[in-house]
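In what follows, a single structure is set out as structure tokens and then discussed.
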Amino acid sequence: MDKIWLKSYPDGVPAEIDCTQYRSVTHLLEESFQNYADRNAFVCMDKFLTYRELDKLSQQMGAWLQSKGLQRGARVAIMLPNVLQYPVAMAAILRAGYTVVNVNPLYTPRELQHQLIDSGSEAIIVLENFATTVEQVLPHTQVKHVIVATMGDLLGGLKGTIVNFVVRKIKKMVPAFSLPNAISFNKMLAEGARLTLTPVEQGHDDIVFLQYTGGTTGVSKGAMLLHRNVIANVLQNEAWMAPVMTKEMRATSMGFMCALPLYHIYSLTVSALMGMRLGGMCVLIPNPRDIPGFVKELSKHKIVVFPAVNTLYNALLNNADFAKLDFSSYKVCNGGGMALQRNVAERWLKLTGCPLIEGYGMSETSPVVTGNRVDITEFTGTIGLPFPSTEVAILNDDGVEVALGEPGEIAVRGPQVMAGYWQRPDETAKSMTADGYFKTGDVGVMDERGYVKIVDRKKDMIIVSGFNVYPNEVEDVVASCPGVLECACIGVPDANSGEAVKVFVVRKDPNLTVEQIREHCKHELTAYKKPKYIEFRDELPKTNVGKILRRQLRDEKKAA
């Protein structure tokens with residue numbers, strides 16, 4: 001199909017972007033360190049970090065990592081929330097010639113162990129609040145070097161000491177742990193300051209991030225994002241914002257909101273990396289669930305670009321103090337990770353004067369594939385138009401493109417599409433077509449203007465507040481609970497999180513309780529994966545070969 005969507009592009013958005021202006025993501029970062037040295041790059045808890053300081057600290061850390069003998073391309077895990085150590089660690093790992101493995105700090109030991117073993121990570125940077133999880137799995141992994149950070153590390157002497165005291169003693173947020181061979185973040189920086197970073201030449205085909213996702217199955221796999229994939233998506237997002245970005249704005253330090261976790265590729269690309277590419281200041285929010293605290297932070301900064309998910313926008317709209325803020329600087333508010341609700345989009349536009357721009361993407365596409373125009377004035381109910389240099393095809397079950405308006409699987413081809421799944425050629429082959437399209441597993445339709453609308457999900461994946469939950473994984477955990485005969489997991493609509501996890505259980509032990517299942521899941525699944533609803537059944541619907549019919553359970557809920 002011709003690129004019919006191009007005729008719907010606003011003025012100023014190019015049909016193609018040029019990835020060749022950067023050799024690597026590292027090149028992009030180092031250019032910003034030089035061009036914007038005196039600007040603030042990040043701020044967290046009122047502590048500002050300039051591009052010059054980020055340059056220096058990341059060199060120190062990169063030199064320290066190199067001194068440990070890690071070979072080019074080694075995987076280094078980051079297990080941090082949105083604190084200043086994250087951008088330092090990310091830049092350091094890349095400048096030292098390694099690959100970043102992003103890890104959710106809330107992972108259970110089981111989840112963390114799988115990711116560290118599968119990625120072959122040799123080092124990890126972890127906040128002390130989560131160090132007990134690392135302690136439990138460390139002997140079973142290849143990790144040789146552990147760097148333990150604290151909330152106060154980069155906040156300055158007295159303030160850092162006070163913050164650490166409150167976190168440890170008052171809020172009691174640091175469970176006891178023992179990692180005798182670990183090094184503290186600040187000691188590591190001090191040792192690195194006496195060393196020299198050796199520059200490493202990287203190219204478009206080197207892996208920059210291993211971004212873990214369930215893909216089409218419940219087994220978490222690392223999407224291999226190459227330097228060119230991430231460069232492309234940064235430039236695609238920037239090009240898409242062109243209609244509302246003036247020369248005057250680009251000449252100043254624009255505020256980029258980093259409320260979504262940077263270990264999530266959406267926030268990493270659209271907030272942090274695009275922010276640094278444009279010399280912006282990224283506002284790091286360690287805990288966006290604290291809405292009053294979040295609103296207080298918003299009141300301090302002139303935010304221009306604000307990526308978030310529907311649930312976060314909704315929570316802000318329901319906070320009385322948020323309505324009192326000055327929204328005059330807001331130019332681009334991206335809604336991704338989960339479906340945007342009309343009511344939220346309309347209330348947001350009415351209050352802030354800035355439209356919510358719904359887009360679509362996934363870890364495998366670095367992540368953004370489509371987006372609505374940034375100059376829209378009303379909710380479209382679509383995921384928008386394919387980005388520059390991006391092709392979207394709607395395919396039937398035989399892999400043949402369907403007619404406009406007909407439903408089919410959304411498939412994507414473009415420079416942001418991953419190289420494949422780490423050490424899983426079989427899974428890579430299943431997800432790609434012969435002519436290079438990535439099959440998303442989502443069912444959509446494209447209209448005559450090129451706008452795409454999602455109508456169904458081919459996969460059984462559940463999206464809770466923008467995070468992917470794979471029924472296979474939840475079912476494996478629930479099925480291992482004593483007293484469970486069999487189970488099935490589906491997503492159900494939820495006003496707060498878009499979808500919530502519901503599990504249907506057939507009991508082997510008639511005395512098994514919901515509380516026992518919840519307690520079992522508590523130790524095996526991170527919070528957003530835990531079943532919100534548990535329903536006991538005498539039997540589950542199955543095919544004639546015994547496969548449980550999740551779709552039938554979903555249809556029951558829709559009909560109810």
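Keep in mind that what you see is a predicted model, and the values were worked out from it rather than measured.
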Is any NZ, NE, NH1 or NH2 atom of the basic residue among [X] and [Y] found under 4.0 Å from an Asp or Glu carboxylate oxygen of the other?
X    : Y    : result
E122 : K68  : no
D118 : R424 : yes
R52  : D55  : no
K221 : E364 : no
K56  : E53  : no

So do [Y] and [X] actually touch side chain to side chain, heavy atoms under 4.5 Å?
X    : Y    : value
M79  : L127 : no
M418 : T365 : no
R72  : D206 : yes
F185 : L154 : yes
I383 : L340 : no
M245 : L278 : no
V368 : W240 : no
V270 : F256 : no

Exercise for the section: Apply the test salt bridge (charged side-chain N to carboxylate O under 4.0 Å, His left out) to residues E30 and R23: give CA-CA distance (whole Å), side-chain angles for both, the deciding distance (0.1 Å), then the verdict. Expected result: CA-CA 11 Å; E30 291 179 338; R23 298 183 301 277; 5.6 Å; no
Would the distance check show the side chain of [X] and the main-chain N or O of [Y] forming a donor-acceptor pair, the cut-off being under 3.5 Å?
X    : Y    : value
H140 : H114 : no
N229 : V417 : yes
N372 : E358 : yes
E499 : I463 : yes
R110 : E524 : yes
D153 : G160 : no
S271 : M257 : yes
S24  : H227 : no
K169 : V166 : no
Q136 : T108 : no

Inter-residue atom distance [X].[atom1] - [Y].[atom2], 0.5 Å rounding:
X    : Y    : atom1 : atom2 : value
M151 : E128 : CE    : CD    : 9.5 Å
L226 : Q202 : CG    : CD    : 12.0 Å
T133 : Y107 : OG1   : OH    : 12.5 Å
M61  : M90  : CE    : CE    : 11.5 Å
T26  : I231 : OG1   : CD1   : 8.5 Å
N310 : L356 : CG    : CG    : 8.0 Å

Exercise for the section: Tell me, with the steps shown, if L316 and L298 meet side chain to side chain contact (heavy atoms under 4.5 Å, CB included). Expected result: CA-CA 11 Å; L316 290 171; L298 282 169; 4.1 Å; yes
Problem - CA sep, side-chain torsions, deciding dist, call: R95, S58, side-chain hydrogen bond (donor to acceptor under 3.5 Å, both in side chains) - result: CA-CA 8 Å; R95 298 179 86 179; S58 62; 2.9 Å; yes
Can the ring centres of [X] and [Y] be said to be less than 6.0 Å apart?
X    : Y    : result
H264 : F467 : yes
F322 : W348 : yes
Y313 : F306 : yes
F209 : Y263 : no

Problem - NZ (K187) with more than 12 external heavy atoms under 6.0 Å - result: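 Counting neighbours around NZ of K187, 12 or fewer heavy atoms of other residues, nucleotides or ligands fall under 6.0 Å, so no.
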Practice task
Take the angle between the ring planes of F33 and Y51 and call it parallel below 30°, perpendicular above 60°, tilted in between.
Solution key: tilted
Exercise for the section: Apply side-chain hydrogen bond (donor to acceptor under 3.5 Å, both in side chains) to Y212 and N468, showing your working. Expected result: CA-CA 10 Å; Y212 274 77; N468 296 352; over 6 Å; no
Exercise for the section: Under the side-chain hydrogen bond (donor to acceptor under 3.5 Å, both in side chains) rule, what do Q416 and T390 come out as? Steps first, then yes or no, please. Expected result: CA-CA 8 Å; Q416 73 270 54; T390 304; 2.9 Å; yes
Restricting to non-hydrogen atoms, name the atom on [X] and the atom on [Y] that form the minimum distance, rounded to 0.1 Å.
X    : Y    : answer
G275 : C282 : CA-SG, 4.2 Å
Q71  : Y98  : O-CE2, 3.2 Å
V309 : G466 : CG1-CA, 4.2 Å
Q211 : I265 : NE2-N, 3.5 Å
L197 : P199 : O-CD, 3.5 Å
L312 : P288 : CD1-O, 4.0 Å

Practice task
Show the numbers, then the answer: is there a salt bridge (charged side-chain N to carboxylate O under 4.0 Å, His left out) between D326 and K302?
Solution key: CA-CA 9 Å; D326 174 10; K302 292 283 187 185; 3.0 Å; yes
Handout entry: CA sep, side-chain torsions, deciding dist, call: L29, L273, side chain to side chain contact (heavy atoms under 4.5 Å, CB included)
Key = CA-CA 8 Å; L29 296 179; L273 292 173; 4.0 Å; yes
Exercise for the section: Kindly determine whether L235 and R277 satisfy side chain to side chain contact (heavy atoms under 4.5 Å, CB included), including the steps that lead there. Expected result: CA-CA 9 Å; L235 297 177; R277 145 84 178 159; 3.8 Å; yes
Handout entry: Under 3.5 Å side-chain donor-acceptor pair for T213 and Y421
Key = no
Practice task
Assess the side chains of N164 and T150: does a donor N or O sit below 3.5 Å from an acceptor N or O?
Solution key: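 Yes, side-chain donor-acceptor contact under 3.5 Å.
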Handout entry: Candidate pair N40 and L49, rule side chain to side chain contact (heavy atoms under 4.5 Å, CB included), full reasoning
Key = CA-CA 6 Å; N40 289 320; L49 194 66; over 6 Å; no
